Protein chains: 2
Amino acid sequence: MGKEYLGEFEELILLMVTLLKEEAYGLGICEELKKQTGRSTAIGAVHATLNRLENKGFVESYLGDPTKERGGRRKRLYTLTAYGREALVYSRDIRVNIWTQIPELAIKIL
Amino acid sequence: MGKEYLGEFEELILLMVTLLKEEAYGLGICEELKKQTGRSTAIGAVHATLNRLENKGFVESYLGDPTKERGGRRKRLYTLTAYGREALVYSRDIRVNIWTQIPELAIKIL
DNA sequence: AGATTTTATCTACAATGTAGAACAAATATC
DNA sequence: GATATTTGTTCTACATTGTAGATAAAATCT
């Protein structure tokens, strides 16, 4: 693990990218975030965060092909890198480990 | 739940306060954080964050009595408020719920 | 009283969180 | 084939959090 930590929002965005797999792009992520957390965010916030995540090597992106749907600009699709996955696992492990020591927050693990 | 989210570091500090119970004060939290996460932070960072958490109502503080140990200034002791506990539980639930949908991150829960 | 210890407070700056406006690239329609 | 419409990204700016170091304050020891 590097010395870099994921910010709160960064982590959420990274989780949405992971969840959406092949369909992870700005607007879609924004909607999924709303669906998963109830949290409304401006699209600009999502893109700014995606850029930062890419600069730090947590995700990679490429331009998708135009879809047949109606019109509109091409999507920029994001995928998790190995480093990104590592960061998510690391963050999860730290939390689970701490929660375990706090009865009120502990999760029963098999 | 309010509209406020815990930042990444804020959440960690709040967890340390919860963990340390009656012995939660700046330096101690700093050490516990190191112990729990391996992360070294300047004491100023911890205090700044504690102040913000207090302003937002996640913790409360009071000055402790002088200890007999050697000398030194009195500790400012922090305790979690009901609102703080709520925020921790909320944050945990959101994450666990998302992880569950990602095979690679899922935790087996009883 | 002065030295030493423990700890908090203050001040600043960097990184992350957040929003909205401007812009670009598709398709549809006439 | 020009223009309206749709979908989506990029740009710019500012607020909030993250982070550090220096300074100051209270306590005990000698």
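Both backbone and side-chain heavy atoms feed into the values below; hydrogens, waters and symmetry mates do not. Proteins come first, then strands; the chains are lettered A, B, ... in the order of their sequence lines, and each starts at number 1. Computed from a predicted model, the values in this text were never measured in an experiment.
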All pairs passing ring-ring contact (aromatic ring centres under 6.0 Å, His included) where residues 11-34 of chain A contributes a residue, at least two apart: none
Quickly work out the [X] [atom1] to [N] [atom2] distance and round it to whole Å.
X: A/Glu54; N: D/dT9; atom1: CD; atom2: P; value: 12 Å
X: B/Ile29; N: D/dT19; atom1: CD1; atom2: C1'; value: 16 Å
X: B/Leu53; N: D/dT16; atom1: CG; atom2: P; value: 15 Å

For A/Thr41, side chain to side chain contact (heavy atoms under 4.5 Å, CB included) partners two or more places apart: A/Phe9, A/Cys30, A/Leu33, A/Arg39, A/Val46
Salt bridge (charged side-chain N to carboxylate O under 4.0 Å, His left out) against A/Glu23, all qualifying residues, sequence neighbours excluded: A/Lys75
Letter per nucleotide, 5' to 3', of nucleotides 5-18 of chain C [B base touched, S only sugar-phosphate touched, - untouched; heavy atoms, 4.0 Å]: BBBBB------BBB
Pairs flagged by salt bridge (charged side-chain N to carboxylate O under 4.0 Å, His left out) wherever residues 93-104 of chain A is involved - sequence neighbours left out: A/Glu11-A/Arg95, A/Arg95-B/Glu11, A/Glu104-B/Arg85
Listed partners of B/Phe58 passing ring-ring contact (aromatic ring centres under 6.0 Å, His included), at least two apart: B/Tyr83
